[in-house]
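Notes follow once the structure below has been shown.
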Protein chains: 2
Amino acid sequence: MKKYEMSDEEKKFLAGYDLTKYDRPSVAADVVVFSVMKDDECEDARRLQEKKLKILLIRRGGFPYKGSWAMPGGFCRKGEDVIDSARRELCEETGIDDAYVKLVGVYGEPGRDPRGWVISSTYMALMNARACRLKAGDDAQDARWFTVELTDVSTEATEVSGTGEENVKNEVEASHKVQNGKKYRLVLKNADSDIKLTAVLRRTDMSSCGRSSDSYYIEECEGLAFDHARIITEAVLGLREDVRRDMELAFDLLPERFTLTELQNVYEQIWDMELTTPNFRRKIAEYVEETDAYQAGERYRPAKLFTRRKDARK
Amino acid sequence: MKKYEMSDEEKKFLAGYDLTKYDRPSVAADVVVFSVMKDDECEDARRLQEKKLKILLIRRGGFPYKGSWAMPGGFCRKGEDVIDSARRELCEETGIDDAYVKLVGVYGEPGRDPRGWVISSTYMALMNARACRLKAGDDAQDARWFTVELTDVSTEATEVSGTGEENVKNEVEASHKVQNGKKYRLVLKNADSDIKLTAVLRRTDMSSCGRSSDSYYIEECEGLAFDHARIITEAVLGLREDVRRDMELAFDLLPERFTLTELQNVYEQIWDMELTTPNFRRKIAEYVEETDAYQAGERYRPAKLFTRRKDARK
DNA sequence: GGAATAGTGTCTTTCAGACATTATACC
DNA sequence: GGTATAATGTCTGAAAGACACTATTCC
């Protein structure tokens, strides 16, 4: 940034100025790390294994939320922009320093961290799983990849109770739901260890304190630290939107060369829906270019490898 | 948020824990306030006056950047979420407490504030100009609306200089531009006072420190405080994108009832392009509903007033 | 009737979805 | 030839863009 030139009067003012006399928060940079990879353990010979969308979580070795799982992150250092703190934390955990990194949100709700006033600036990162080398797992460091399932359960029937009165209440709640809001179930699973983390999120009613972009509050939560269930939910929804706007983001989740089937699978994982192959290929054609190479080691017809097209016309 | 339950061991740990022994930044919440309104002074009788997209800026009465123009904002208070700080500042300046508010970005670049380590969490707000009541203008408080012009000048010819050597340099820069980036000119004007603020922004090269969402650095700047030229640029680009994704955002810039011509004008202002009326009306039909009322006080055929349709199917 | 704005009808092109079909590998 | 995957061709309907046209108001 261009240096700002000060008058002597201003220099004098600043010399006597002390920001630190006011209350200040601690600021953390946290990262929702996305990648796409196989569940390595079930390398069965039956069929081509689908790669799954996963996020990286770390088991907390100390208080607070000791034993719970949390996103990688840490406090910002003076002299470092916040996004660079996120990149530093990301690199420390994964060894990757050139991932795509983008802001997800700022989380500063009072009480979100029992240690005190901590504001989290949260980023999402997209990386190629093959390039990632997780930090060795010592005692304080248990980092694992979890599959992500985020499903809309807004319209699911409320559990029907015995009494008529409760039924009426459920109907009122149901109609409220239709008006006000989405409800999501988040399930994160690590296949190696059978660890399963779950949460239920509801979109906050926006009529009270002004409208704002979607934001969710935690109704139930199992095994996730702090408000990370909420943050992960918003990150996954944000990723879906971002990729819809810019298809090219998906390339950051894959190696340099890939088959079109692999690429299609990435979009299917992100959007949690099936795509029809011919339509997908027509759409993606402008973003990719052929190489001379073919995929090796598969059982049936080998697929051509593609790379990202640098000069994609937009 | 649900209360987290602690063990005695954890309570003991937290009692001895002091976040404040680490370096902490000051955190500010700033707001890019958008509205759509006429230039009141040129109420000429020739033709219907177009309303323009404007942002609200405040002339700084003290150091640093005394006399420059800045977004409304202020430091976050303990016990207050960051977006609520933004809403509070917004309400103090405009009297509006129910605007649409959304995060734009987090700005923490070292040196961005000469007073010290200050991280700005910046929001955009959309409001109906008619509901807005600006804080009375005392000495320290000069708040004005500025028209926004943000134009892409990436492909504009570099000024040709005399010597051949400089020409070569210009060509290299030009080819670099094609690869790497957009360049924007931001012009903010207040018609009452003939104040004109200008800046030139260039998208930062993303090949060095990893890819991330668009971010701009200030090449030239006249009259805008801190890094606000950059932030405003990113807010305007963000607004364009957001409205493209969700057409309904435009309603937050208008009163309860409006004509379709007014509504079309809002989109034309935001996107800085002309829309063809029949196509626009076909597209917008699902979001609006007729009222029985007609616009009063215009010179020719009166236009029907519409309201936002609450149950718009998405 | 003229001028200015409000509002509609329709043709064409483009693009997304559905789905049938062919191609190539290994067994 | 059987099977599983890779890759392509084509029909259809919806939506986007272009643009000519009608309607209503004041003068």
Side-chain angles (χ1 to χ4, degrees), chain A residues 38 43-51 240 243-247 250 254 257-268 271-307 309 312-314, chain B residues 38 43-51 243-247 254 257-268 271-307 309 312-314:
Chain A
K38 291 182 189 173
E43 193 63 80
D44 59 11
R46 285 195 309 275
R47 48 172 53 244
L48 264 182
Q49 167 111 46
E50 269 193 342
K51 292 183 177 178
R240 288 179 184 173
V243 173
R244 216 166 270 288
R245 195 170 32 189
D246 180 5
M247 302 261 307
L254 287 173
R257 301 204 288 187
F258 47 83
T259 68
L260 295 184
T261 304
E262 286 174 324
L263 183 57
Q264 181 176 338
N265 177 57
V266 170
Y267 294 101
E268 291 178 332
W271 293 330
D272 192 26
M273 64 185 294
E274 291 194 348
L275 303 177
T276 56
T277 305
N279 302 337
F280 170 73
R281 295 195 174 204
R282 189 174 49 205
K283 176 115 181 153
I284 208 69
E286 59 177 315
Y287 301 110
V288 297
E289 54 191 27
E290 284 187 2
T291 68
D292 296 329
Y294 287 81
Q295 188 182 41
E298 292 301 334
R299 272 172 291 277
Y300 302 104
R301 175 175 173 180
K304 201 175 258 278
L305 290 173
F306 286 75
T307 57
R309 182 166 180 159
R313 54 214 163 235
K314 295 203 182 182
Chain B
K38 290 183 188 172
E43 193 63 78
D44 59 11
R46 284 196 309 275
R47 48 173 52 246
L48 264 182
Q49 166 109 47
E50 269 194 342
K51 292 183 177 177
V243 174
R244 216 166 270 287
R245 196 169 33 187
D246 180 5
M247 303 259 309
L254 286 173
R257 300 204 289 186
F258 47 83
T259 69
L260 294 184
T261 305
E262 286 174 322
L263 183 58
Q264 182 176 339
N265 176 58
V266 171
Y267 293 101
E268 290 178 334
W271 293 329
D272 192 26
M273 63 185 292
E274 291 193 349
L275 303 177
T276 55
T277 304
N279 302 338
F280 170 74
R281 296 196 172 204
R282 190 173 51 202
K283 175 115 181 151
I284 208 68
E286 59 176 315
Y287 300 110
V288 298
E289 53 192 28
E290 284 188 2
T291 68
D292 297 330
Y294 286 81
Q295 189 180 41
E298 291 300 334
R299 272 171 290 275
Y300 301 104
R301 175 177 173 179
K304 202 177 257 281
L305 291 173
F306 285 75
T307 56
R309 181 168 182 158
R313 54 212 161 237
K314 297 205 180 178

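These numbers were taken from a predicted model, which means no experiment stands behind them. Letters go in sequence order (proteins before strands), and every chain restarts at 1.
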Chi angles and distances behind the side-chain contact (heavy atoms from CB on, under 4.5 Å) call for Leu305(A), Thr259(A): CA-CA 5 Å; Leu305(A) 290 173; Thr259(A) 68; 3.8 Å; yes
Student check: side-chain heavy atoms of Thr261(A) and Arg281(A) closer than 4.5 Å: yes
Nearest-Å distance for atom pair [atom1]/[atom2], residues [X] and [N]:
X         : N       : atom1 : atom2 : result
Leu275(A) : dA7(D)  : CG    : P     : 16 Å
Phe280(B) : dA15(D) : CZ    : C1'   : 16 Å
Gln264(B) : dT5(C)  : CD    : P     : 13 Å
Tyr300(B) : dT22(D) : OH    : C1'   : 19 Å
Asn265(A) : dT5(D)  : CG    : P     : 13 Å
Glu50(A)  : dA4(D)  : CD    : P     : 16 Å
Gln295(A) : dC26(C) : CD    : P     : 13 Å
Glu274(B) : dG17(D) : CD    : P     : 14 Å

Tyr267(A) side chain to Met247(A) backbone, donor-acceptor under 3.5 Å: yes
Polar side-chain atom of Asn265(B) near backbone of Lys51(B) as donor-acceptor pair, under 3.5 Å: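 A pair under 3.5 Å: yes.
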Contact pattern, 5' to 3', of nucleotides 7-15 of chain C - B, S or - by protein heavy atom under 4.0 Å: SBBB-----
Test applied, side-chain contact (heavy atoms from CB on, under 4.5 Å); reference residue, Phe280(A); option that passes from Thr276(A), Ile284(A), Thr277(A): Ile284(A)
side-chain hydrogen bond (donor to acceptor under 3.5 Å, both in side chains) partners for Arg244(B), two or more places apart: none
